[in-house]
Amino acid sequence: MITITFIFCSSINIFDWLQNHLLTCPFKALTGIDCPGCGFQRSLIALFQGNFHKSWLLYPPTIPLIFLFVIAGILYKFPIKHQSLVLKTLILVVGNFVMISYLYKMFIQ
C-alpha cells in the first residue's frame, strides 16, 4: 500500500514539476504569434493526467500526432510492403489536421 501511495504521490509531483517547467516557444518569443505547435506541451500533460477533453481543448492535434509517432515506430520496427505509402498518407492527414486546427485557432477563436 505504501508503494502505491508513493507512486501516486510522485506522479502528482512530476505533473506539477512539468507544469512549472514548460519550454518556451521560440517562434512566439520572437514574433508574439502562436506557432502551429503552441499548446502541445500543456495538452500532453493533460493527456497524461487522463483529461482527454482538456487535452483536446488545449491542442486538438495531440492525439493524432501521438498516433502518428506510434505507427511510425511500429512500422520502423516491423516493416510492411507499402510502408512508405502508409507513412506518407498518415503524415499528410495529420499535417493537414495540424494546419486546419492552427488556422481555426488563429482566425476563428
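Quick caveat: nothing in here was measured; it's all calculated off a predicted structure.
A 4.5 Å side-chain heavy-atom check between V98 and Y59 finds at least one atom pair inside the cut-off. Annotation: side chain of I66 is in contact with side chain of L44 (closest heavy-atom distance under 4.5 Å). A 4.5 Å side-chain heavy-atom check between V86 and K88 finds every atom pair outside the cut-off. Put simply, the side chain of Q83 reaches to within 4.5 Å of the side chain of I80, judged on heavy atoms. Contact of the L90 side chain with the F67 side chain is registered, since non-hydrogen atoms from C-beta on lie closer than 4.5 Å.
One finds the CG atom of L103 at 8.5 Å from the CD1 atom of I108 (value rounded to the nearest 0.5 Å). The OG1 atom of T62 sits 10.0 Å away from atom CZ of R42, with the distance rounded to the nearest 0.5 Å. Note that CD1 of I45 is 9.0 Å distant from NZ of K54, once rounded to the nearest 0.5 Å. Atom CG of N51 is separated from atom OG of S43 by 9.5 Å, given to the nearest 0.5 angstrom.
Follow the hydrophobic side-chain contacts under 4.5 Å out from L47 and you reach V94 in the same cluster. At a threshold of 4.5 Å between side-chain heavy atoms, the hydrophobic network of Ile, Leu, Val, Met, Phe, Trp and Tyr places L65 and I63 in one connected group. I33 and L30 are assigned to two separate hydrophobic clusters, defined by single-linkage of ILVMFWY side chains at heavy-atom distances under 4.5 Å. In terms of hydrophobic clustering, with Ile, Leu, Val, Met, Phe, Trp and Tyr side chains grouped at heavy-atom distances under 4.5 Å, F78 and V70 are assigned to a common cluster. A continuous path of Ile, Leu, Val, Met, Phe, Trp and Tyr side chains, each step under 4.5 Å between heavy atoms, connects F27 with M106, placing both in one hydrophobic cluster.
Around the CZ atom of F48, the shell of radius 6.0 Å holds no more than 12 heavy atoms that belong to other residues, nucleotides or ligands.
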